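First comes the structure, then the notes that go with it.
Both ligands and their constituent atoms are indexed starting at 1 by order of listing. Just so you know, these numbers come straight off a predicted model, no measurement behind them.
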Amino acid sequence: MNKIAVFTSGGDAPGMNACIRAVVRAAIHYGIEVMGIRRGYKGMINDDFIPMAATSVSYILHKGGTILGSARSDEFRTPEGRKKAYDNLKKHGIDGIVAIGGDGTFTGANIFMQEYPDIAIVGTPGTIDNDLYGTDFTIGYDTAINTAMEAIDKIKDTADAHDRLFFVEVMGRDVGFIAARSGIAAGAKAILIPESKTDIDDLVLQLLNNAAKKKLSNIVVVAEGDDEGGAMEIAQKVKQRTNLFDIRVTVLGHMQRGGSPTCMDRVLASRVGVAAVQALKDGKKGIMLGQLHREVSEIPFEKAIKHHKKMSTALEELSKIIAY
Ligand code: F6P
């Protein structure tokens, strides 16, 4: 392996910069030339490549977002788009790639490698959603849950002052990992996630039981992909059943994607970034480097994206036991 490239793709996540830095510094450490590709697959198609030196990644470890930019590319879904990308990679003499991203990123990488097996791609898990199989946590998840928790803490103050019921929506189109952990950490009364069926009548009953105990102020955390809808819709459904509560809705949105990464995210990103370069150097491809039970893990892309990680039922049970 003489020359590699690194890119970030899909939804950005805090810690992506720490991962870019680790990839660049590890490549240089092993005597491998390294380039950055700006805006993911889009930049690969549009020939947006930049040389990277050790100093190109100085002072980015603590920054959110990604210095390489990110995108979701429709053109890369077409054979013509992938051909353009391949030609550009060849032009720059690149034989290995580290892709930092999630589901969509690794799906694209797999298709590309079937068509162009002479380019080796490995990945690192970059998404706040934590929905990749084969890694305990993804880069950005820890920062996102801390951001959500701090926001809910603040909402709790005002909810309590006015005896209000708040529905707080957090990110998670297909999974409830952010909702589950931030909800437990911030003491939510209920946590509604896509993985389990939401029963509005049952929720109203719980809230009325609380009201009977003179507790009108409550927080319900809703994952954006819940089967009964987002926080706004669920609040409406509750209002249709009872007018006892003074209800407010807060959608946290993209603030969960930004901000300085936590220590956990920086260390995870650094670790898997180095492991990705080592994997390429050892002739490996088609795998995601994650972290399982405190050790670096290697998971085929196919497994990482298809066997969607399951939410621990223990977390759901726990939140029900301690909520009041
Ligand atoms: O994949 C991360 C994520 O933040 C999801 O939780 C969310 O549903 C989605 O991206 C939003 O994506 P965007 O606004 O970038 O299209």
Handout entry: Nearest-0.5 Å distance that lies between atom OG in S319 and atom NZ in K189
Key =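 Reported to 0.5 Å precision, the distance equals 10.0 Å.
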Could you tell me, for ligand 1, which of its N or O atoms are under 3.5 Å from any protein N or O, listing the pairs and their distances rounded to 0.1 Å?
| from | atom 1 | to | atom 2 | distance (Å) |
| --- | --- | --- | --- | --- |
| ligand 1 | 1 (O) | D129 | OD2 | 3.0 |
| ligand 1 | 4 (O) | R257 | NH1 | 3.0 |
| ligand 1 | 6 (O) | D129 | OD1 | 2.7 |
| ligand 1 | 6 (O) | D129 | OD2 | 3.3 |
| ligand 1 | 6 (O) | G172 | N | 3.4 |
| ligand 1 | 6 (O) | E224 | OE2 | 3.4 |
| ligand 1 | 8 (O) | E224 | OE2 | 2.5 |
| ligand 1 | 10 (O) | R257 | NH1 | 3.0 |
| ligand 1 | 12 (O) | R257 | NH1 | 3.3 |
| ligand 1 | 14 (O) | H254 | NE2 | 2.7 |
| ligand 1 | 15 (O) | R72 | NH1 | 3.0 |
| ligand 1 | 15 (O) | R257 | NH1 | 3.2 |
| ligand 1 | 15 (O) | R257 | NH2 | 2.9 |
| ligand 1 | 16 (O) | R72 | NH1 | 3.0 |

Problem - Pairs satisfying salt bridge (charged side-chain N to carboxylate O under 4.0 Å, His left out), at least one member in residues 160-169, at least two apart - result: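 For residues 160-169, and leaving out neighbouring residues, the salt bridge (charged side-chain N to carboxylate O under 4.0 Å, His left out) pairs sorted by first residue read R164-D246.
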Handout entry: Salt bridge R173-D129, side-chain N to carboxylate O under 4.0 Å
Key = no
Exercise for the section: Run the salt-bridge test on K84 and D87 with the 4.0 Å N-O cut-off and return the result as yes or no. Expected result: no
Exercise for the section: Tell me, with the steps shown, if D74 and R77 meet salt bridge (Lys or Arg N to Asp or Glu O under 4.0 Å). Expected result: CA-CA 5 Å; D74 286 335; R77 291 178 214 275; 3.4 Å; yes
Completion exercise
Only one of V34, T124, T66, L61 passes side chain to side chain contact (heavy atoms under 4.5 Å, CB included) with I20, and that residue is T66
